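One structure is given here, and the rest of the page talks about it.
Counting from 1, the numbers follow the sequence of the chain as shown. Note that this is a predicted model, so its numbers are computed, not measured.
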Amino acid sequence: MNGIWARQAKYEVWRDVEIAIVEAHCELGAVSSGALESIRSNAKFDLDRCDEIELETRHDLMAFVRNLSENVGEDGRYIHLGVTSYDVIDTALGIMLRDSCDILIASAHALADQIRRLAIENEHTVEIGRTHGIHAEPITFGFKCANWYAELDRNIERLRQARVEVSVGKVSGAVGVHAITSPEMEAIVCAKLGLSPDPASTQIINRDRHANFLNALALLGAGLERIATELRNLQRTEILEVQEAFATGQTGSSAMPHKRNPWNSETICGLARLLRANAHAMLESVATWHERDLTNSSLERIVFPDSCNLADFMLKSLAKILTGLQVFPETMERNLRIRGDLVFSEHVMIALIHAGMTREAAYKVAQRNAAKAWDGSDFKTIVAEDPDVKERLTPDEVEEIFSLKHHLRNVGHTLEAVGIRQAALASN
């Protein structure tokens, strides 16, 4: 990402765009091949010199153009011929956002590999599912990972779609009507740079494209935050079903030597807030006065590089967390059994309904026995001995009600449905 968004890198892309414009002029007969070769060979820039010129121009792109031109000499008059600043800036931005998407997609796939590994390794690692923070029904850790995998896959697809939307350029002039340049020239320039021409630009490319890109990053960040939040909760001392890797000599707390805090996951949660804030700022830049104003320019110098760097850092950090994640199956099963077999109460109710009870009556039977279990009775035992249950269900049917294997029999379907098995086969 630094190789894309560092100032030196950005100016190099500006130069590539300026040279592509001269090449198009040459192909259309407006610039000689000799002048083009002179510009290709000599169009160099120096950041310090650009800064010096900008003290006079108060315009970074024109300072850059003047620096290129003075290094080229007489043929420098063909640099920036017939175009406006944002023909260069927005076309370069399309390249930079496109290349950033490629990095983000690659990092997201690397994270998906780690989630897929955990899902396969823990397909049958039972743990309690929680709703409202309270024990609900059994799941497996692999099932939980499959849910993460599916959401990340959708976010990867959103990045792919956003990549298409931002991979555009413009060489349409000061208000977008091709008064000096032609649509043909614009198409030539964009083709040379691997972009599509924006079909209807003003002085700038409309910012809905860029807002969509940052919204895709905000959604990606929210998905990463959801995983990190779950990891934080599962690392709580009273739960401790997983734990981030903790290196020898690492400090968890300056005051409490025993602490092993989930700080890596907490970091991801904090950065997700910045991605959302940046997306909001970009949404505010979709509206402009007439064919353009300058309100978008200042914030874009922050939100584009920051968001791309943040998102990539978060993807890589979470992949690192999951690579070293410790999973504690014994603790998971122990937590599952804290309230005995209470987590099978729904199965009791459903079995009684199938046996002929009304839903209301079946619910009351399951609930009254659950109340006794909360007071210390063994739920499975008292259900098996309940007269209403004995009247309608056989001992074998009761056993099936309390069978984890039966309850979790379709977990493999989820891993199949989200593509984890297929991806694992392909990687092998």
Side-chain angles (χ1 to χ4, degrees), residues 1-6 97 99-119 121-122 141 144-160 162-163 213-236 239-253 259-279 302-328 420 423 427:
M1 282 299 179
N2 287 334
I4 294 172
W5 293 102
L97 292 176
D99 294 349
S100 295
C101 280
D102 289 339
I103 291 174
L104 292 169
I105 290 168
S107 295
H109 278 300
L111 173 59
D113 288 343
Q114 292 304 317
I115 297 175
R116 182 174 65 245
R117 174 187 61 79
L118 282 169
E121 290 176 359
N122 295 281
F141 188 62
K144 188 188 293 287
C145 293
N147 184 275
W148 299 343
Y149 184 89
E151 183 173 0
L152 180 59
D153 190 55
R154 291 192 296 275
N155 278 312
I156 291 172
E157 183 56 33
R158 291 184 186 108
L159 285 173
R160 289 196 184 103
R163 183 188 188 278
F213 170 69
L214 287 192
N215 272 287
L217 294 194
L219 265 174
L220 170 66
L224 303 183
E225 181 184 18
R226 192 170 77 88
I227 297 172
T229 298
E230 182 67 14
L231 293 174
R232 289 168 61 194
N233 270 310
L234 294 180
Q235 290 180 79
R236 289 165 57 186
I239 296 176
L240 200 59
E241 295 180 354
V242 301
Q243 190 173 65
E244 294 179 13
F246 197 85
T248 302
Q250 181 176 332
T251 299
S253 164
K259 293 295 291 294
R260 294 190 175 188
N261 299 328
W263 69 273
N264 291 294
S265 300
E266 290 170 332
T267 297
I268 290 169
C269 294
L271 296 180
R273 298 166 188 173
L274 282 175
L275 288 181
R276 290 194 288 274
N278 287 351
I302 299 170
V303 299
F304 289 145
D306 279 13
S307 294
C308 290
N309 272 291
L310 286 171
D312 195 48
F313 175 80
M314 291 165 68
L315 286 164
K316 287 182 167 63
S317 294
L318 187 52
K320 186 176 180 180
I321 291 170
L322 296 184
T323 299
L325 189 71
Q326 294 178 276
V327 179
F328 304 126
I420 282 177
S427 65

With sequence neighbours excluded, residues passing side-chain hydrogen bond (donor to acceptor under 3.5 Å, both in side chains) with [X]:
X    : result
R226 : N147, E151
D306 : none
Q235 : none

Check [X] against [Y] and note the closest heavy-atom contact, atom names and distance.
X    : Y    : value
I420 : Y149 : CG1-CD2, 3.6 Å
A119 : A146 : CB-N, 4.3 Å
L104 : C308 : CD2-O, 3.9 Å
T323 : A319 : OG1-O, 2.7 Å
S307 : N278 : OG-ND2, 2.9 Å

Go through I227 and I321 one step at a time and tell me if the side-chain contact (heavy atoms from CB on, under 4.5 Å) criterion holds.
-> CA-CA 11 Å; I227 297 172; I321 291 170; over 6 Å; no
[X]: which residues meet the side-chain contact (heavy atoms from CB on, under 4.5 Å) condition with it, sequence neighbours left out?
X    : result
N122 : L118, T125, F141, V327
R117 : Q114, E121
A277 : none

Just so I know, are the side chains of [X] and [Y] near enough to count as touching, which here means a heavy-atom distance under 4.5 Å?
X    : Y    : result
N2   : N309 : yes
L315 : L220 : yes
W5   : S100 : yes
L240 : L234 : no
I4   : I103 : yes
L231 : L325 : yes

In terms of heavy-atom contacts, does CZ of F313 have more than 12 from other residues, nucleotides or ligands at under 6.0 Å?
->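 Check fails, neighbour count at 12 or below.
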Test C101 against F213 for side-chain contact (heavy atoms from CB on, under 4.5 Å), laying out the working first.
-> CA-CA 9 Å; C101 280; F213 170 69; 3.4 Å; yes
Ion pair check, R276 and E225, cut-off under 4.0 Å |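 Between E225 and R276 there is a salt bridge, with a charged N closer than 4.0 Å to a carboxylate O.
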Considering only NZ, NE, NH1 and NH2 on the basic side and carboxylate oxygens on the acidic side, decide whether E157 and R160 come within less than 4.0 Å.
->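 So E157 pairs with R160 through a salt bridge.
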Go through the structure and list residues passing salt bridge (Lys or Arg N to Asp or Glu O under 4.0 Å) with [X], not counting sequence neighbours.
X    : value
R158 : none
R163 : D102
K316 : D312

Taking distance alone, no hydrogens or angles, what donor-acceptor pairs closer than 3.5 Å link side-chain atoms of residues 266-273 to residues at least two apart or in another chain?
residue : atom : partner : partner atom : Å
T267    : OG1  : W263    : O            : 2.8

Contacts of F304 that satisfy ring pair (Phe, Tyr, Trp, His ring centres under 6.0 Å) - sequence neighbours left out |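 Once residues adjacent in sequence are excluded, the partners of F304 under the ring pair (Phe, Tyr, Trp, His ring centres under 6.0 Å) criterion are H210.
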For the [atom1] atom of [X] and the [atom2] atom of [Y], what is their distance to the nearest 0.5 Å?
X    : Y    : atom1 : atom2 : answer
L219 : L224 : CG    : CG    : 10.5 Å
L217 : L310 : CG    : CG    : 9.5 Å
L111 : L152 : CG    : CG    : 5.0 Å

